[in-house]
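We use all heavy atoms of the structure for the numbers below, so side chains are in, but hydrogens, waters and symmetry mates are not. Numbers here are sequence positions counted from 1. Order of appearance sets the numbers: ligands from 1, and atoms from 1 within every ligand.
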Amino acid sequence: MATESPATRRVQVAEHPRLLKLKEMFNSKFGSIPKFYVRAPGRVNIIGEHIDYCGYSVLPMAVEQDVLIAVEPVKTYALQLANTNPLYPDFSTSANNIQIDKTKPLWHNYFLCGLKGIQEHFGLSNLTGMNCLVDGNIPPSSGLSSSSALVCCAGLVTLTVLGRNLSKVELAEICAKSERYIGTEGGGMDQSISFLAEEGTAKLIEFSPLRATDVKLPSGAVFVIANSCVEMNKAATSHFNIRVMECRLAAKIPFLCGGLQTGCWNSGVCHLCILFGELLAKYKSLQWDKVLRLEEVQAKLGISLEEMLLVTEDALHPEPYNPEEICRCLGISLEELRTQILSPNTQDVLIFKLYQRAKHVYSEAARVLQFKKICEEAPENMVQLLGELMNQSHMSCRDMYECSCPELDQLVDICRKFGAQGSRLTGAGWGGCTVSIVPADKLPSFLANVHKAYYQRSDGSLAPEKQSLFATKPGGGALVFLEA
Ligand code: ADP
Ligand code: NG1
């Protein structure tokens with residue numbers, strides 16, 4: 001599995017309406033026939049939100065919706081990108097001079113991220129050009145990873161054009177890293193599931209080292225995605241990166257009080273120092289300036305997630321931290337905080353809620369493990385138990401992580417009211433989709449009632465093309481198609 005490459009399938013294009021349409025559009029755009037096609041799916045994260053970039057395991061599955069690209073390599077350096085959706089304008093550049101503008105997350109920049117990742121991996125300064133026509137059907141900026149599907153698809157397109165080979169794991173790691181060229185400091189969940197997904201099973205994705213393990217979902221329930229119709233582009237706002245930075249700081253700060261530093265909030269009389277002297281000694285041996293992720297702290301201390309929650313309660317205070325206090329605790333200057341720890345779009349943030357973010361992360365990481373365990377043990381009331389974990393996850397995202405929004409909270413309430421055993425926001429949040437676990441026999445009435453309650457508003461404020469409410473099953477990962 002770890003060494004397996006994405007599959008290549010031979011298909012009769014004429015028998016696949018979407019491929020056929022893409023082939024015809026490609027022909028009218030570029031006056032030639034594509035040499036191959038690549039698809040990479042979006043995903044729905046069932047549980048484990050905002051913890052991948054802290055090093056913790058997550059539990060997503062691929063959705064059927066994907067990004068599909070028709071490709072023709074050319075003999076020059078010209079890279080020409082077109083899109084079936086007129087919202088995304090044509091773009092062309094030279095494949096040996098890739099520039100990604102972090103200040104404007106225009107669509108073609110996501111393609112360039114994937115391309116640049118592969119180019120850098122092989123240390124190539126020159127790449128041959130290609131004509132590409134992109135067709136995507138994942139609702140954008142809705143928490144179903146349309147951006148990563150595009151990055152992963154572009155990465156696999158570039159690899160195929162080069163005639164090289166990489167494993168799914170290598171591709172996922174390269175694309176997770178290269179998507180950060182757009183400016184967001186994401187974890188690796190989306191790219192990992194886009195390559196490692198397999199039809200019929202959700203996956204537990206673990207990091208460092210990256211691996212994916214099957215998680216069999218309950219047969220008596222269906223997972224339903226509902227779009228709140230509020231879009232939130234991660235790269236165009238700082239919401240997402242602020243959370244990543246808060247977690248980074250929460251990993252660096254907890255023990256740097258009491259015995260280690262002076263001028264900290266508890267003036268050196270840290271409960272933790274008294275109660276967890278042994279932990280403190282271990283923490284001292286940690287090079288805190290190198291620590292970036294909450295999971296690293298837990299691994300070094302060798303304690304459980306439940307114990308990390310207790311430690312957090314003692315070591316961090318619920319009142320927000322300001323940059324001055326953080327600098328005092330870390331013994332660094334404001335300039336060092338800005339340039340050495342924070343990302344460019346979070347340098348002017350004045351409030352960091354470290355306690356709340358760390359509490360969410362450790363509790364959510366524990367819920368992922370509980371979810372997997374229930375799926376394995378399959379008790380009689382498993383749908384109810386899984387639903388409860390999803391509800392707790394939403395509550396923690398809403399109250400501790402503050403990544404929900406009124407529309408998502410309303411949609412979650414509606415889903416629960418009409419039969420979901422559990423419902424939660426999925427993906428980055430601040431808009432986008434919910435995922436609900438619904439007993440299979442309640443599905444038809446659930447869909448009808450949620451549609452009526454959320455989408456058929458009397459004010460007609462939700463554009464019909466953005467509305468989506470659908471049951472989903474675990475889909476397969478990225479593939480290359482060749483015409484038979
Ligand atoms: P998501 O949660 O879906 O990943 P992001 O806000 O991170 O949302 O990324 C959405 C961006 O990805 C869009 O604004 C667009 O630039 C790009 N994108 C998504 N789908 C497509 C597509 N079909 N064609 C071109 N670009 C796309
Ligand atoms: P979406 O839902 O695609 O915006 C983002 C991050 C994930 C993960 C989730 C929250 C990227 C590419 N994706 O996903 O890594 O952190 O938020 O769980 O940054």
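Heavy-atom separations between Val67 and ligand 1 are all 4.0 Å or longer. For the pair Gly427 and ligand 1, no heavy-atom separation below 4.0 Å is found. The closest approach between a heavy atom of Met232 and any atom of ligand 1 is below 4.0 Å.
Looking only at side-chain heavy atoms (C-beta outward), Ile225 and Leu144 come within less than 4.5 Å of each other. Taking the side chain as every heavy atom from C-beta outward, Asp66 and Asn137 approach each other to under 4.5 Å. Proximity of Glu185 to Arg248: side-chain heavy atoms (C-beta onward) are separated by under 4.5 Å at one or more points. For the pair Ser147 and Glu179, the minimum side-chain heavy-atom distance is below 4.5 Å.
Among protein heavy atoms, the minimum distance from atom 2 (O) of ligand 1 is reached at Gly143 N, 3.4 Å. From the protein, the heavy atom lying nearest to atom 14 (O) of ligand 1 is Asn233 ND2, 3.3 Å. At the top of the distance list for atom 19 (C) of ligand 1, counting protein heavy atoms only, stands Ser146 OG, 3.1 Å. For atom 6 (O) of ligand 1, the closest non-hydrogen atom on the protein side is Ser141 OG, 2.8 Å. With respect to atom 7 (O) of ligand 1, the closest heavy atom belonging to the protein is Lys234 NZ, 2.6 Å. Counting protein heavy atoms only, atom 9 (O) of ligand 1 is closest to Ser147 CB, 3.3 Å.
Tested against Glu246 for a salt bridge (Lys or Arg N to Asp or Glu O under 4.0 Å), the candidates Lys252, Lys353, Lys359, Arg357 yield a single pass: Arg357.
Annotation for ligand 1: atoms under 4.0 Å from non-hydrogen atoms of Leu150 are 25 (C), 26 (N), 27 (C). For ligand 1 and Trp107, the ligand atoms under 4.0 Å from any heavy atom of the residue are 16 (O), 25 (C), 26 (N). Within ligand 1, counting atoms from 1 as listed, the ones closer than 4.0 Å to a heavy atom of Ser142 are 2 (O), 3 (O).
For Gln410, the side chain to side chain contact (heavy atoms under 4.5 Å, CB included) partners two or more places apart in sequence, or in a different chain, are Ile414, Tyr454, Arg457.
With a 4.0 Å cut-off on non-hydrogen atoms, Ser145 touches ligand 1 through its backbone and not its side chain. Residue Asn83 touches ligand 1 through its side chain alone, judged by heavy-atom distances below 4.0 Å.
Contacts of ligand 2 (protein heavy-atom distance under 4.0 Å) are Arg43, Glu49, His50, Asp52, Tyr53, Gly143, Ser145, Ser148, Glu179, Gly186, Gly187, Met189, Asp190, Gln191, Lys234, Phe240, Gly427, Ala428.
At a cut-off of 3.5 Å, with distance as the only test, no side-chain donor of Thr201 or Glu198 sits close to an acceptor on the other residue.
Using cut-offs of 30° and 60° on the angle between ring planes, the pair Tyr56 and Tyr362 is perpendicular. Using the six-membered ring where Trp is involved, Tyr401 and His360 have ring planes that are tilted, between 30° and 60° apart.
The backbone N or O of Asp135 lies less than 3.5 Å from a partner atom in the side chain of Arg18, making a donor-acceptor pair.
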>> Please evaluate residues Thr472 and Met61 with respect to the criterion side-chain contact (heavy atoms from CB on, under 4.5 Å), reporting the C-alpha separation (whole Å), side-chain torsions for both, the decisive distance (0.1 Å), and the verdict.
In response: CA-CA 9 Å; Thr472 190; Met61 63 182 173; 3.6 Å; yes
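Lys177 has no carboxylate O lying under 4.0 Å from a charged side-chain N of Glu120, or vice versa, which leaves the two without a salt bridge.
Taking only non-hydrogen atoms, the option from Tyr88, Phe111, Tyr110 nearest to atom 21 (C) of ligand 1 is Tyr88.
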